[in-house]
Amino acid sequence: MPLYLYENEETGEVIEVLQGMNDLHQYDGVSGREKGLWRRVYVNPTLSSDTKVDPFDKKSFVSSTVNKNDTYGDLFDRSKEASEARASKNGGKDPVKEKYYADYNKKTNGKLHPQQQKEKFQKTIDKANKAGINIEL
């Protein structure tokens with residue numbers, strides 16, 4: 001049986017009442033003498049169907065984005081979260097990302113992907129900072 005919320009209009013107290021779906025949704029207090037004091041409180045359901053998205057499954061990712069009205073940036077955020085989840089399960093490296101970089105490398109005759117170039121440059125700056133060399137851009 002579903003739970004329904006009722007609020008006492010005088011005291012503001014909210015209680016949960018078990019009632020059948022076909023029952024009359026009215027509550028008159030424990031003794032039944034408080035007729036008209038209790039009003040039903042309607043709440044939005046809290047159902048979430050795509051909280052567990054398999055980061056290794058393309059179809060799972062696509063189905064989690066269908067009919068969401070997400071912005072382009074939201075899709076990038078979801079993709080980044082999936083990449084981080086894959087990396088955490090594979091010792092810090094995302095296999096899908098690594099394969100994409102390898103394919104890009106083959107396609108462009110050995111060039112690094114622009115993101116790889118940024119990561120390599122950032123590592124160089126971090127290494128220089130550790131050595132006491134300050135690089136400003």
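Position 1 is the first residue of the sequence; numbering continues from there. Side-chain atoms are counted along with the backbone in the values below, which use heavy atoms only and exclude waters and symmetry mates.
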Please report the interatomic distance [atom1]([X]) to [atom2]([Y]), rounded to the nearest 0.5 Å.
X	Y	atom1	atom2	result
Tyr101	Glu98	OH	CD	7.5 Å
Asp57	Ser63	CG	OG	7.5 Å
His113	Lys118	NE2	NZ	9.0 Å
Ser79	Glu84	OG	CD	10.0 Å
Gln116	Lys111	CD	NZ	13.0 Å
Asp126	Ile135	CG	CD1	9.5 Å

Heavy-atom side-chain proximity of [X] to [Y] below 4.5 angstrom:
X	Y	answer
Lys68	Arg78	yes
Gln26	Gln19	no
Glu9	Leu37	no
Tyr4	Met21	yes
Gln115	Tyr104	no
Ile15	Trp38	yes
Arg86	Ser83	yes
Leu5	Glu16	yes

Taking all non-hydrogen atoms of both residues into account, name the closest pair between [X] and [Y] and its distance.
X	Y	value
Asp54	Ser60	N-OG, 3.2 Å
His25	Gly20	CE1-O, 3.2 Å
Phe61	Leu75	CZ-O, 4.2 Å

More than 12 foreign heavy atoms under 6.0 Å from CZ of Phe76: is that the case here?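 Count not over threshold, so no.
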
Asp77 side-chain N/O to Asp74 backbone N/O, donor-acceptor pair under 3.5 Å: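 A pair under 3.5 Å: no.
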
Kindly work out whether a path of hydrophobic side-chain contacts (I/L/V/M/F/W/Y, heavy atoms less than 4.5 Å apart) joins Val14 to Leu3. no

Lys/Arg-Asp/Glu bridge criterion (N-O < 4.0 Å) met for Asp103, Lys99: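 Between Lys99 and Asp103 there is a salt bridge, with a charged N closer than 4.0 Å to a carboxylate O.
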
